[in-house]
Each structure stands twice: as C-alpha cells, then as structure tokens.
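Sequence lines set the chain letters: A, B, ... in the order given, protein chains first and strands last, and positions in each chain run from 1.
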Amino acid sequence: MPELPEVETIVRDLRPELAGRAIVKAQLTHDDVLRGVSRRRLLAALAGARILRLARRAKHAVLELDRGRLVIQPGMSGSLLVHGRALTPEQERYAVLRAELDDGRILVYRDVRRLGTLLLLDAKGWTDYDAALGPEPLDPGLTPEIFAERMARSRSAVKKVLMDQRVIVGVGNIYANEALFAAGIDPSRAADRIDAAGYHRLLAEVRRILQAAIDSKGTTFRDYRTGTGEPGGFQLELMVYGREGEPCRVCGTRLAGTHLIDARATVFCHRCQR
DNA sequence: ACGAGGTCCTGCGAGC
DNA sequence: TGCTCGCAGGACCTCG
C-alpha cells in the first residue's frame with residue numbers, strides 16, 4: 001500500500017512519540033515477515049534497545065536503535081501505530097510485531113496481508129542497503145538531468161521504470177499513474193524515447209504530486225492509515241487512479257485502463273498522454 | 001537487458 | 001444468502 005507520502009506521514013506522526021523511548025520487550029506473531037534475521041535475534045535485539053529516531057528512506061520506515069536499524073517495508077498492507085491502551089481483538093489479530101515502550105505504550109507493526117518485511121541491519125548492512133536504492137525524488141540535489149539520465153538507461157515502459165526503486169525511490173502504482181497523467185506522458189512509452197523536456201515535466205509532477213499527497217496525509221483506499229490511525233485524504237484528488245472508464249477531468253475523454261505494464265493497474269487518458 | 005509470469009498473504013467486492 | 005473468483009497500493013524471483 002504505502003508509497004512515499006504514506007510512509008512519510010506515518011514517520012512524521014510517530015517520530016515525536018518514539019524519540020528517546022526505549023523498548024522494554026517485543027513480540028512477533030509471524031516469522032514470515034522477517035528477512036535475513038531470525039525471530040530470536042530480532043527479539044533479543046529489540047529488548048532493551050533505545051530508540052534514537054524514526055526516519056524514512058524510500059517507502060521504508062527506519063527505526064534507528066542504539067544497536068542497529070530496524071527497516072520496516074510495509075509492502076501492500078503494512079502500517080505502524082503507537083497504542084496508548086490495550087489492543088482491541090481486531091488490532092490484536094493483525095499486530096505482527098509488538099514493542100512495549102518504557103512509557104507503557106505499545107508500538108505495533110500491523111500487516112493484514114503480511115507482504116511487508118522487517119530487516120535488522122548493522123551499520124555496514126544499512127550502508128549497502130541504502131546504496132542499492134535510487135535517489136529521493138524530493139531531494140533538491142536530484143536535478144532533472146540526473147533523473148532523465150537514470151530513467152533513460154532503460155528501454156522498458158516509462159511507468160515500470162518510474163516504479164523501479166533502484167532508479168528513483170518512493171513512487172508506486174498510484175503516484176506513477178498520477179504523475180504520468182499530469183506530465184502528459186503515455187505510460188507505455190519506452191523510457192529511453194522520452195526527451196529532456198518530458199523528463200523535466202515528469203520530475204516536476206512527481207514532486208508536486210508527492211508533496212500534495214504528503215500535505216493530505218496520503219491516499220487511503222482500504223488498509224492505509226496514518227500514524228494516528230486516521231485515513232489519508234489524497235484519494236479525493238486523484239485524476240486517473242481508480243477512475244478507469246470515467247471521464248478525464250481535463251478533457252472529458254473516457255479514461256483507458258490496462259494491466260499490460262508490469263501486471264499493475266494502469267489508467268490513462270489517450271488524449272492527454274502521448 | 002528485457003518482458004512475462006509466478007511467489008509471498010489475506011480480505012473484499014462482484015457476480016452467479 | 002452463500003459460494004467462488006479476481007483483484008489489491010510492493011518487492012522479489014526465475015525463465016526464455
């Protein structure tokens with residue numbers, strides 16, 4: 001579910017709640033979310049750990065501890081919440097990781113589908129992990145020239161490349177659809193056949209849309225909730241995602257839909273996107 | 001290097 | 001009403 005704006009929202013909501021706290025003990029209900037770490041090692045590392053800060057990198061929430069980093073990839077249905085009171089049975093059911101804090105509250109990683117993953121990385125592991133990810137779209141240091149150069153290395157459909165976290169991070173299916181519409185680019189166009197002006201527009205639209213989505217606290221279709229448990233609001237501003245068959249908000253043309261690109265739902269306007 | 005297709009997992013809405 | 005089917009915001013893998 002969560003793309004960059006959703007994870008950014010969660011991190012902003014929870015950062016003040018977690019900074020300086022310590023984890024008293026932790027519980028894990030399913031091992032299948034773990035990557036490269038055993039249940040035993042994860043729980044041992046969390047118990048007694050001090051939380052230095054909560055950060056975001058790409059679509060991941062990074063809990064920086066005094067003994068390494070817990071990287072949380074929420075996948076399609078993961079979310080992070082701090083509970084001040086006992087969990088309801090429904091919350092209990094989907095709480096994959098539970099970390100009891102030293103102020104009595106409980107940090108919960110909730111994941112209904114459990115396609116999300118948890119990694120525990122030391123300094124070297126984090127450096128390597130971070131280096132394999134592309135640049136942050138909202139980083140002012142990412143120029144349109146660098147963006148265009150990275151994108152145009154591939155002959156794949158531009159939408160697929162835009163969602164490739166090695167090329168640029170944070171953009172998933174919803175915001176890829178929206179940004180390509182706003183930039184007037186056909187999502188099936190080969191990435192190496194888009195000119196400098198096209199990539200200039202695309203980067204500008206990616207940034208504008210991600211920022212607007214952050215301002216609205218993310219896009220909620222079903223599972224996603226902010227760090228305070230509220231739905232986001234950006235679904236009200238979507239121009240194409242989820243609107244297949246409906247009229248284009250710009251020109252009125254019936255919006256087209258396909259699953260041919262990367263087997264993901266793609267919605268676009270034949271007239272506005274070339 | 002690329003596209004196609006499958007995998008992980010559960011819930012929900014559509015359609016019969 | 002109750003069932004099956006297809007689909008869902010992500011990331012990773014193999015195969016040809």
ask   = Does a sphere of radius 6.0 Å around CZ in A:R207 hold more than 12 heavy atoms from other residues, nucleotides or ligands, not counting ones at 6.0 Å or beyond?
value =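 Yes.
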
Flag the pair [X] and [Y] as a salt bridge only when some basic side-chain nitrogen lies within less than 4.0 angstrom of an acidic carboxylate oxygen.
X	Y	value
A:D103	A:R21	yes
A:R105	A:E100	no
A:D192	A:R153	no
A:E90	A:R110	yes
A:E6	A:K59	no
A:R166	A:D164	yes

Counterpart residues, salt bridge (charged side-chain N to carboxylate O under 4.0 Å, His left out), relative to A:D139 (two or more places apart):
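Counting only residues at least two positions away or on another chain, A:D139 forms no salt bridge (charged side-chain N to carboxylate O under 4.0 Å, His left out).
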
Identify, with sequence neighbours excluded, every residue that meets side-chain contact (heavy atoms from CB on, under 4.5 Å) alongside [X].
X	result
A:D186	A:S188, A:R189
A:R53	A:A55, A:E64
A:A213	A:P5, A:Y175, A:F234

* State which of C:dA11, B:dT10, C:dG9 makes the closest approach to the side chain of A:M76. =>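 My answer, after comparing the listed nucleotides, is C:dG9.
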
- Query: Looking at DNA chain C, which of residues 118-139 of chain A put a heavy atom within less than 4.0 Å of it?
  - Reply: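 Per residue number, the list is empty: none.
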
What is the distance, to the nearest angstrom, from the [atom1] atom on [X] to the [atom2] atom on [N]?
X	N	atom1	atom2	answer
A:H60	C:dG10	NE2	C1'	9 Å
A:R264	B:dG3	CZ	P	15 Å
A:L4	C:dG10	CG	P	12 Å
A:I72	C:dA11	CD1	P	15 Å
A:M151	B:dC2	CE	P	12 Å
A:Y241	C:dC7	OH	P	13 Å
A:D262	B:dG3	CG	P	9 Å
A:F221	C:dA8	CZ	P	11 Å

Pairwise N/O distances under 3.5 Å, protein to nucleotides 6-9 of chain B:
{"residue": "B:dC9", "atom": "O4'", "partner": "A:R113", "partner atom": "O", "Å": "3.4"}
{"residue": "B:dC9", "atom": "O3'", "partner": "A:R114", "partner atom": "NH2", "Å": "3.1"}
{"residue": "B:dC9", "atom": "O2", "partner": "A:R113", "partner atom": "NE", "Å": "3.1"}

| query | Does C:dA11 have OP1 or OP2 sitting under 4.0 Å from an N or O in the side chain of A:K59? | reply |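 It does, given that an N or O in the side chain of A:K59 lies less than 4.0 Å from OP1 or OP2 of C:dA11.
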
Practice prompt. Please check the phosphate of C:dG9 (OP1 and OP2 only) for any side-chain N or O of A:Y175 closer than 4.0 Å.
Written response: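 Looking at the OP1 and OP2 atoms of C:dG9, neither is under 4.0 Å from any side-chain N or O of A:Y175.
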
Exercise for review: Could you list by number each residue of residues 181-188 of chain A showing a heavy-atom separation from DNA chain B of less than 4.0 Å, or answer none if no residue does?
Suggested key: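 None - not one residue of the stretch has a heavy atom sitting under 4.0 Å from the strand.
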
Sub-4.0 Å heavy-atom contacts from residues 152-161 of chain A onto DNA chain B, ordered by number: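 Listed by number, they are A:R153, A:S154, A:R155, A:S156, A:A157, A:K160.
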
Worksheet item: Among A:I10, A:V7, A:D111, A:T117, which one satisfies side chain to side chain contact (heavy atoms under 4.5 Å, CB included) with A:P74?
Response: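 The passing option is A:V7.
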
message = Test: salt bridge (Lys or Arg N to Asp or Glu O under 4.0 Å). Region: residues 195-204 of chain A. Which pairs qualify, not counting sequence neighbours?
response =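 For residues 195-204 of chain A, and leaving out neighbouring residues, there are no salt bridge (Lys or Arg N to Asp or Glu O under 4.0 Å) pairs at all.
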
key: First encountered from the 5' end of DNA chain C, between A:Q165 and A:A263   =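 Mapping each residue to its closest nucleotide by heavy atoms, the 5'-most match is A:A263.
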
With both pairing distances under 3.5 angstrom for Watson-Crick or G-U wobble, and | for a partner in another strand, the correct string for DNA chain B is .|||||||.|||||||

Inter-nucleotide P distance (B:dG5, C:dG6), Å rounded: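 Pairwise P distance, B:dG5 against C:dG6, rounds to 16 Å.
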
TODO: For B:dG11 and C:dA11, measure between their P atoms and round to the nearest Å.
DONE: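 Comparing P positions in B:dG11 and C:dA11 gives a spacing of 22 Å.
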
Does one side chain, of A:Y94 or A:H30, offer a donor that lies under 3.5 Å from an acceptor on the other?
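There is no such pair between these side chains.
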
Ignoring hydrogens and angles, state whether a donor on the side chain of A:Q235 or A:T219 is under 3.5 Å from an acceptor on the partner side chain.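 A:Q235 vs A:T219: no donor-acceptor pair found between side chains.
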
Give [X] one of three labels, base, sugar-phosphate or nothing, depending on what nucleic acid heavy atoms sit under 4.0 Å from its own.
X	result
A:H259	sugar-phosphate
A:R35	nothing
A:A265	sugar-phosphate

Which side-chain N or O atoms in residues 244-253 of chain A pair as donor and acceptor under 3.5 Å with protein atoms at least two apart or in another chain?
{"residue": "A:E246", "atom": "OE1", "partner": "A:R243", "partner atom": "NE", "Å": "3.4"}
{"residue": "A:R249", "atom": "NE", "partner": "A:L238", "partner atom": "O", "Å": "3.2"}
{"residue": "A:R249", "atom": "NH2", "partner": "A:L238", "partner atom": "O", "Å": "3.3"}

Task: Counterpart residues, ring-ring contact (aromatic ring centres under 6.0 Å, His included), relative to A:Y109 (two or more places apart) - done: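 Applying ring-ring contact (aromatic ring centres under 6.0 Å, His included) to A:Y109 gives none.
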
